[in-house]
Colleague: 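There's a structure below that I have some questions on.
Below, chain A is the first sequence line, B the second, and so on; all start at residue 1.
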Number of protein chains: 2
Amino acid sequence: MNKRNKDRLYADLKREILTLELEPGANLDETSLSAKYGISRTPLREVFRQLAGDGYIEIRDNRGTIVSPMNHKSMRDFFMTAPLVYASVSRLAAQNARSEQIRDLREVQANFRRAARSGSVEDLVFWNDRFHLAIGEIADNQYLMPSLRRLLIDHARIGQTFWRARNAEMRQRIETAADQHDRLIDAIEAGDEETAVALTLDHWALSRDHMEMFVRPDPLPIPSGFAAAEVE
Amino acid sequence: MNKRNKDRLYADLKREILTLELEPGANLDETSLSAKYGISRTPLREVFRQLAGDGYIEIRDNRGTIVSPMNHKSMRDFFMTAPLVYASVSRLAAQNARSEQIRDLREVQANFRRAARSGSVEDLVFWNDRFHLAIGEIADNQYLMPSLRRLLIDHARIGQTFWRARNAEMRQRIETAADQHDRLIDAIEAGDEETAVALTLDHWALSRDHMEMFVRPDPLPIPSGFAAAEVE
DNA sequence: AGAAAGTAGATTGTATACATATTGTAGATT
DNA sequence: AATCTACAATATGTATACAATCTACTTTCT
């Protein structure tokens, strides 16, 4: 039953990449990984190929495999593209949702709430990802899904700090995000496209404002002696 | 030097799928393909995994590999999603284009014109695909690219009949499409986003009207004796 | 006769050994 | 001393043999 191990490897790598346990650009060693999971390099390499197709990793000919890197440009592209795709997906979800899908979505949201109470960053990242992926599945559009999946990978990675609540204000933000999830579910269930889109953009703005703070933090105060130095 | 054969297999399968030489849903046999290309099943399966990630084929556990199928729903999704993605990509291309990219794009367009003159359907499909892919590369947005790629696969397959000019009117359509390509290049080069978007939507509408005719053709005339029969 | 169960053949999935390419290091050369 | 080259060590890529699974057909039982 090595299929089990192969699936576990696939799921583990995904999770470790989303939670930054594996950093962008980190090298993935075939030999040690295959030993760790008790499978040979053949199926392991197939898992790599699949993850590369999903956008999690990059396979470079004869030069090893790395976790998909992130740089300034990818941040820019991300902030530019996410609203378009997320809003479109929410609209389609509102058009298509079936009652049992809403039930599943509420289930995911319950797990998200639990993670918020327990304060586990890893769980919050995981269930937030699942929440938005579930909406994507309700939207059920094979042409938008690839971009949504790619966006969600970096959403999880960039947004990592969002969930790491260190003070009351940040805990409040998480609470707000959770409330928006609930209202989004309601709008989707009601088939109210416009509200779903508006809520999605609000939800997005909340994340973005916070994330941008970490991407482009306020500069450190400059000691008087270095006041003329150039800062990049 | 079997890397050559591996690359050839990858390129050949892509082309054969885009040109419908391999029909949607067609089965891909590992043994015969690996024999045909003189490579073993191991690298062949990696090519499969990669093509699956690109959306060309589907690998089903223990049940073989098939060319990505098309059905009524995928047509619907396609017509719904393409304008959004194509327009966004054109806008980004107009924002980012660099002169040597424009040069490459004109090169592709020249090949497209040649194919139009020669009347080779296969070449028209291929170069039209390349043209829109090149615009995607100019847009240079890793989050939109996955959806654009997926759309272009089915654009080529659905639009197959568009290029099969059987009369003067259809040849005129191809001529119009080629002119739109030229004007789109000009708009992108000039950085004129709004015109690029408008031209893209026009270009799209031209294809769509034609394609829909083949997807949902005019019903056959009903013989008088069957006038009451239900037609779906 | 029809349904269920078993079996042979074909196909997909995996392990291992081997081939090829890359990287780092030591020694030679200028 | 710096650079180049040769070679060893390491990692990636491929072929082949074998194992597991599925499919279709035959046999058995009711």
Side-chain angles (χ1 to χ4, degrees), chain A residues 1-17 21-71 142 153, chain B residues 1-17 21-71 142 153:
Chain A
M1 287 299 103
N2 275 349
K3 180 67 161 43
R4 271 269 164 46
N5 290 343
K6 195 178 172 182
D7 292 343
R8 215 181 79 231
L9 168 65
Y10 182 68
D12 280 3
L13 284 177
K14 271 184 162 177
R15 186 181 45 71
E16 288 168 14
I17 290 169
E21 196 172 324
L22 284 170
E23 290 181 19
N27 190 59
L28 296 172
D29 182 55
E30 294 185 357
T31 313
S32 61
L33 268 177
S34 65
K36 184 176 167 191
Y37 281 86
I39 59 177
S40 72
R41 282 178 48 232
T42 309
L44 179 126
R45 284 166 62 90
E46 295 204 342
V47 169
F48 274 14
R49 273 290 194 296
Q50 185 154 350
L51 286 169
D54 296 338
Y56 286 86
I57 65 180
E58 274 183 23
I59 300 173
R60 302 165 305 173
D61 282 3
N62 285 314
R63 318 182 103 232
T65 298
I66 58 171
V67 176
S68 289
M70 296 214 301
N71 49 43
Q142 62 179 310
I153 294 171
Chain B
M1 287 300 104
N2 275 349
K3 179 67 161 45
R4 272 269 162 50
N5 289 344
K6 194 178 171 183
D7 291 344
R8 216 182 78 230
L9 168 65
Y10 182 68
D12 281 2
L13 284 177
K14 270 184 163 177
R15 187 182 45 73
E16 287 167 14
I17 290 169
E21 196 172 324
L22 283 170
E23 289 181 20
N27 190 59
L28 296 172
D29 182 54
E30 295 185 357
T31 312
S32 62
L33 268 177
S34 63
K36 184 176 167 191
Y37 282 85
I39 58 178
S40 72
R41 282 176 51 231
T42 308
L44 179 126
R45 283 166 63 90
E46 295 204 344
V47 170
F48 275 14
R49 273 291 194 303
Q50 186 154 347
L51 286 169
D54 296 338
Y56 286 86
I57 64 180
E58 274 183 24
I59 300 173
R60 302 164 304 173
D61 284 2
N62 286 313
R63 319 183 101 232
T65 298
I66 58 170
V67 176
S68 289
M70 297 214 301
N71 49 43
Q142 62 179 310
I153 294 171

Colleague: If only side-chain N and O atoms count, and only distance matters, is there a donor-acceptor pair under 3.5 Å linking B:K14 with B:Y10?
Modeller: yes
Colleague: Please state how far atom CG in A:D7 lies from atom C1' in C:dT14, giving the value in whole angstrom units.
Modeller: 14 Å
Colleague: Tell me whether B:E21 at atom CD has more than 12 heavy atoms from other residues, nucleotides or ligands lying less than 6.0 Å away.
Modeller: yes
Colleague: Which pairs, with at least one residue in residues 57-67 of chain B and sequence neighbours excluded, count as a side chain to side chain donor-acceptor pair (under 3.5 Å)?
Modeller: A:K3-B:D61
Colleague: Counting primed atoms plus P, OP1 and OP2 as sugar-phosphate and everything else as base, spell out the protein contacts along nucleotides 7-14 of chain D at 4.0 Å heavy-atom distance: B, S or - for each nucleotide, 5' to 3'.
Modeller: -----BBB
Colleague: Taking the side chain as every heavy atom from C-beta outward, state whether B:L13 and B:L9 have any atom pair closer than 4.5 Å.
Modeller: yes
Colleague: Quickly work out the B:Y37 OH to D:dA15 P distance and round it to whole Å.
Modeller: 15 Å
Colleague: Using atom types as modelled, flag every donor-acceptor pair under 3.5 Å from a side chain in residues 32-45 of chain A to any protein atom, sequence neighbours excluded.
Modeller:
from  : atom 1 : to    : atom 2 : distance (Å)
A:S32 : OG     : A:D29 : O      : 3.4
A:S32 : OG     : A:D29 : OD2    : 2.9
A:S34 : OG     : A:E30 : O      : 3.1
A:S34 : OG     : A:T31 : O      : 2.9
A:Y37 : OH     : A:D12 : OD2    : 2.6
A:R41 : NE     : A:E30 : OE1    : 3.0
A:R41 : NH2    : A:E30 : OE1    : 3.2
A:R45 : NE     : B:E46 : OE2    : 2.9
A:R45 : NH1    : A:E30 : OE2    : 3.0
A:R45 : NH2    : B:E46 : OE1    : 3.3
A:R45 : NH2    : B:E46 : OE2    : 3.3

Colleague: Output all residues satisfying side-chain hydrogen bond (donor to acceptor under 3.5 Å, both in side chains) with A:N27, sequence neighbours left out; order by chain, then residue number.
Modeller: none
Colleague: Taking atom P of C:dT12 as reference, at what distance in whole Å does atom CZ of B:F48 sit?
Modeller: 8 Å
Colleague: Atom CZ of A:R4 to atom P of D:dA20: distance rounded to whole Å?
Modeller: 16 Å
Colleague: Let me check the geometry of the helix from C:dA1-D:dT30 to C:dT30-D:dA1. What is the bend angle between the axes at its two ends, five pairs each, to 10°?
Modeller: 10°
Colleague: Within the 4.5 Å heavy-atom criterion, are B:I59 and B:R49 side-chain neighbours or not?
Modeller: yes
Colleague: Is any side-chain heavy atom of A:V47 closer than 4.5 Å to one of A:Q50?
Modeller: no
